[in-house]
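In this chain, residues are counted from 1 in sequence order.
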Amino acid sequence: MSLIDYSSELNEEQCRAVLAPDGPVLVIAAAGTGKTRTLTYRVAHLVERGIDARRILLLTFTNRAAREMLERAAKLVGAAVGGLWGGTFHHMANRILRRHADRLGYGLDYTILDQDDSRKLVKAISEELDYAGKHFPKPDVLLSLFGYAASTGESLRLVAEERFKYHDEINPEQVIAVAEAYEERKRRLNGMDFDDMLLNVLRLFRQEPGICASYQEQFQHILVDEYQDTNYLQSEWVDLLASKNRNLFVVGDDFQSIYSWRGANFRNILSFPERYQGAKVFKLETNYRSVPEILNVANACIAGNPEQFQKTLRSVRENYKVPSVAVLRDGSAQARYIIEQIARLKRSGYKTSEMAVLYRSHFHAMELQMELTRERIPYVITSGARFFEQAHIKDVCAIVRLLRNPVDELSFLRILEFLPRVGRRSAAKIWESLGGRFDASEQALAAVRAKLPAPARESWQAIETVITEITRDPEGAGAEAYMEAFVDGFYDEYAVETFDNYNRRQEDIQELMNYASQFATPDDFLSEMALLSNLDAEDDHPADDGKGVIRLSTIHQAKGLEWKVIFILWLADGMFPSAKSLEVPGGVSEERRLFYVATTRAKDELFLCVPEVRRGRDGSTQFCITSRFVEEIPEKLVSRPYVGFI
């Protein structure tokens with residue numbers, strides 16, 4: 001007799017999925033519908049039926065998720081859940097490889113290389129091949145390419161060619177040579193990186209049918225969390241293991257598949273019923289998080305995607321208020337509007353910690369960060385450093401600072417450290433040789449050149465050319481002209497070779513230059529930056545009222561979280577959806593899923609911000625087109641309290 005009253009502890013949708021008979025099962029768990037609860041009770045149900053926990057495999061994307069589910073299951077069925085194989089894909093891969101890595105030519109005592117280990121190894125190989133410093137990607141960039149190729153099953157050559165198609169100086173053949181040497185070196189060291197662990201388990205199962213069969217027999221039941229986020233390697237691995245018993249229980253939401261840029265393939269979940277003939281499909285559509293009005297907007301938006309499992313979120317909560325679409329003059333007006341709403345919401349009883357501002361790209365929050373700083377409203381950023389504290393932003397501002405202030409040692413050192421084989425100490429020695437002053441004269445440029453090591457001179461020549469161009473008319477150019485010349489003449493090439501998220505940083509830099517164009521002189525721009533930085537530095541949480549701080553986050557990093565109040569920024573075509581997504585097949589569909597994720601983070605109130613114009617770098621006004629995601633929402637589902645607000 002069951003110790004668990006499933007019908008009273010689960011809703012009807014969850015109960016049907018949890019008690020489903022053996023065989024392939026796909027649970028489409030829409031946002032806020034109790035995905036984790038369903039998986040937990042499925043584990044408990046299997047154990048209650050007498051399935052030995054050692055014959056159950058639970059695969060998750062975080063150790064925290066696995067631990068949470070197993071702890072909950074233990075509360076339901078006690079110690080019987082002990083022995084279950086539960087954890088991340090990498091954790092389970094390591095557990096298997098510790099038993100059988102020798103079949104692949106590794107020792108069972110192989111070392112797992114962390115990111116720093118891999119970085120140092122790739123750097124050493126690049127230097128040995130004499131590629132480092134000659135327009136060649138840095139280790140982090142190379143490792144991201146290797147990882148993406150492995151997780152998608154794509155050719156590294158094609159991945160490299162696509163990444164560097166606008167940068168002819170980078171030779172994909174050299175990238176491949178480093179990859180091959182890296183593989184050989186890892187073998188010699190008896191080491192695997194994180195990508196190798198998944199890849200090697202798949203190789204093991206394919207090359208050793210006997211070993212594969214033993215695990216197929218052992219894992220009578222396999223459960224997978226967040227199935228929509230699986231990549232090629234993970235999907236192939238799961239399919240191999242489940243091919244004997246076919247007791248595969250996967251939970252996910254195709255509406256929330258938003259990680260294609262890191263290798264996830266949402267077609268894994270869409271094709272599940274075809275790959276597993278006779279699979280039972282259950283939909284969880286009862287939402288416990290959001291008020292009905294927010295779900296109406298989410299449902300209307302996501303309905304625009306053609307390839308998906310259609311479903312409709314239904315709220316258990318009472319009606320409250322419809323989301324607001326605020327049509328605003330520009331980014332500055334958007335920032336002021338949000339600050340006004342924060343003040344109003346606080347007066348009505350909300351804490352700032354119950355609010356979040358979400359955005360598609362980091363630069364979308366630039367004006368808001370500055371306005372929050374001026375108003376002494378405390379905030380934290382989930383998605384990284386504050387806009388003007390980011391390395392690439394400080395890099396590009398350094399050229400302006402140095403050319404406006406010849407004794408700015410920090411900016412001089414920062415620029416010299418961009419050069420191959422130039423570290424902090426050697427840059428400081430060059431600064432001392434200049435007498436602590438860089439006046440950008442021909443003599444100063446030559447003096448720096450003479451002190452540089454040979455590998456750095458080619459890159460310095462590019463910077464010299466930029467400085468000479470800027471200083472021809474230093475008073476006639478704005479800060480954006482300084483930065484544009486620096487980016488075009490040197491920094492763009494440096495960035496693509498240095499940063500694995502080059503595209504995002506490139507967007508940030510373009511927006512920085514747009515922002516700088518509104519200042520009459522470079523000195524005005526630098527003064528504003530200094531003012532904001534000093535205000536930030538005065539207090540980590542200025543004017544904190546004891547009720548927390550408002551959170552700013554990219555939507556990608558907000559997935560899985562929730563707040564009572566959500567603001568979504570820059571809902572204009574080209575911003576959200578992003579300009580790049582409009583150019584690639586399937587790009588708009590993934591952006592629409594991203595918008596769905598953003599809206600379903602809100603419990604009580606949702607604000608959709610639609611700026612009308614952006615400032616061009618030449619000072620022109622660029623009119624924005626309202627995001628198609630907002631246009632797709634029926635008028636009756638939203639209110640428009642502000643139109644053209646300035």
Could you give me the CA-CA distance, side-chain angles and deciding distance for Asp253 and Gln256, then say whether side-chain hydrogen bond (donor to acceptor under 3.5 Å, both in side chains) is met? CA-CA 5 Å; Asp253 183 7; Gln256 298 186 71; 2.9 Å; yes
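- Not counting sequence neighbours, the partners of Leu199 by the side chain to side chain contact (heavy atoms under 4.5 Å, CB included) test are Arg203, Leu233.
- Between Gly263 and Asn231, the shortest heavy-atom contact is O-CB, 3.3 Å.
- Nearest heavy atoms, Trp460 versus Leu416: CZ3-CD1, 3.8 Å.
- A salt bridge does not link Glu583 with Lys580: none of the charged nitrogens is closer than 4.0 Å to a carboxylate oxygen.
- Note: Tyr502 and His167 have perpendicular aromatic rings, judged against thresholds of 30 and 60 degrees for the angle between ring planes.
- Remark: Phe194 CZ is loosely packed, at most 12 non-hydrogen atoms of other residues, nucleotides or ligands lying under 6.0 Å away.
- No side-chain donor-acceptor contact under 3.5 Å links Arg593 to the backbone of Ile258.
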Between Val250 and Thr230, does a side chain to side chain contact (heavy atoms under 4.5 Å, CB included) hold up when you go through it step by step? CA-CA 11 Å; Val250 303; Thr230 55; over 6 Å; no
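- Salt bridge absent: Glu184 and Arg187 never bring a charged side-chain N and a carboxylate O closer than 4.0 Å.
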Go through Ile399 and Phe490 one step at a time and tell me if the side chain to side chain contact (heavy atoms under 4.5 Å, CB included) criterion holds. CA-CA 11 Å; Ile399 195 70; Phe490 171 78; over 6 Å; no
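- Under a 3.5 Å cut-off, the side chain of Ser257 and the backbone N or O of Asp254 do not form any donor-acceptor pair.
- Ionic pairing of Glu507 and Arg504 is not present here: no N-O contact between side-chain nitrogen and carboxylate oxygen is shorter than 4.0 angstrom.
- Annotation for Lys123: atom NZ does not count as buried by contact number, only 12 or fewer foreign heavy atoms lying within 6.0 Å.
- When all heavy atoms are compared, the tightest approach of Ala66 to Gly86 is CB-C, 4.3 Å.
- Counting all heavy atoms, side chain and backbone alike, Ala179 lies closest to Leu156 at CB-CD2, 3.4 Å.
- Residue Trp261 comes nearest to Tyr148 through the heavy atom pair O-CE1, 3.6 Å, listed as atom of the first residue, atom of the second, then distance.
- Side chain of Thr111 to main chain of Leu113: no donor-acceptor pair is present (N/O by atom type, distance under 3.5 Å, no hydrogens or angles).
- Here the side chains of Asp225 and Lys35 are in contact, with some heavy-atom distance below 4.5 Å.
- Heavy atoms from other residues, nucleotides or ligands lying under 6.0 Å from CZ of Arg188 number more than 12.
- When only modelled atom types and interatomic distance are considered, Arg267 and Ser271 share no side-chain donor-acceptor pair under 3.5 Å.
- If you check the side chains of Glu590 and Ser581, you find no donor sitting under 3.5 Å from an acceptor.
- Counted by atom type alone, Tyr494 and Ser459 present zero donor-acceptor pairs between their side chains at under 3.5 Å.
- Counting heavy atoms from C-beta on, the side chains of Ser243 and Asp239 never come closer than 4.5 Å.
- The aromatic rings of Phe272 and Tyr227 sit perpendicular, their planes meeting at an angle over 60°, well past the 30° parallel limit.
- Counting only heavy atoms from C-beta outward, the side chains of Phe363 and Gln510 never approach each other to under 4.5 Å.
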Steps toward ring pair (Phe, Tyr, Trp, His ring centres under 6.0 Å) verdict (Phe418, Tyr491): CA-CA 9 Å; Phe418 297 149; Tyr491 194 78; 5.7 Å; yes
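- The closest side-chain heavy-atom distance from Ile381 to Gln369 is below 4.5 Å.
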In sequence, state the C-alpha distance, the side-chain angles, and the governing distance for Tyr379 and Leu368, and then conclude on side chain to side chain contact (heavy atoms under 4.5 Å, CB included). CA-CA 10 Å; Tyr379 67 95; Leu368 178 60; over 6 Å; no
Would you check, one step at a time, whether the test side chain to side chain contact (heavy atoms under 4.5 Å, CB included) holds for Tyr259 with Phe61? CA-CA 13 Å; Tyr259 295 114; Phe61 278 84; over 6 Å; no
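- Looking at Arg54, its side chain never comes within 3.5 Å of a backbone N or O of Trp85 through a donor-acceptor pair.
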List the steps, then state whether salt bridge (Lys or Arg N to Asp or Glu O under 4.0 Å) holds for Lys165 with Glu161. CA-CA 6 Å; Lys165 61 184 176 182; Glu161 287 174 352; over 6 Å; no
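- Arg98 places a side-chain N or O within donor-acceptor distance of the main-chain N or O of Tyr110, the cut-off being under 3.5 Å.
- Of the options His556, Arg551, Gln557, a side chain to side chain donor-acceptor pair (under 3.5 Å) to Thr382 is made by Arg551 and by none of the others.
- Tested against Glu497 for a side-chain contact (heavy atoms from CB on, under 4.5 Å), the candidates Val141, Ile170, Leu142, Asp492 yield a single pass: Ile170.
- Salt bridge status for Lys559 with Glu226: present, with a side-chain N to carboxylate O gap under 4.0 Å.
- Taking 4.5 Å as the limit, some side-chain heavy atom of Val588 sits within range of a side-chain heavy atom of Leu582.
- Looking at Ser118 and Phe146, their side chains never come closer than 4.5 Å, going by heavy atoms from C-beta outward.
- Ring geometry for His364 versus Trp570: interplanar angle of 30 to 60°, hence tilted.
- A donor-acceptor contact shorter than 3.5 Å links the side chain of Thr599 to the backbone of Tyr596.
- Surrounding CZ of Arg185 are more than 12 heavy atoms belonging to other residues, nucleotides or ligands, all under 6.0 Å away.
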After noting the C-alpha distance and the side-chain angles of Asp116 and Arg119, does the key distance pass the salt bridge (Lys or Arg N to Asp or Glu O under 4.0 Å) rule? CA-CA 5 Å; Asp116 189 55; Arg119 188 183 295 118; 3.3 Å; yes
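- Ring geometry for Trp237 against Phe205 counts as tilted: the plane angle lies between 30° and 60°, on a 0 to 90° scale.
- Taking both residues in full, the closest heavy atoms of Asp508 and Phe387 are given as O-CZ, 3.6 Å, listed atom of the first, atom of the second, then distance.
- The closest donor-acceptor contact from the side chain of Gln207 to the backbone of Leu104 lies at 3.5 Å or more, if one exists at all.
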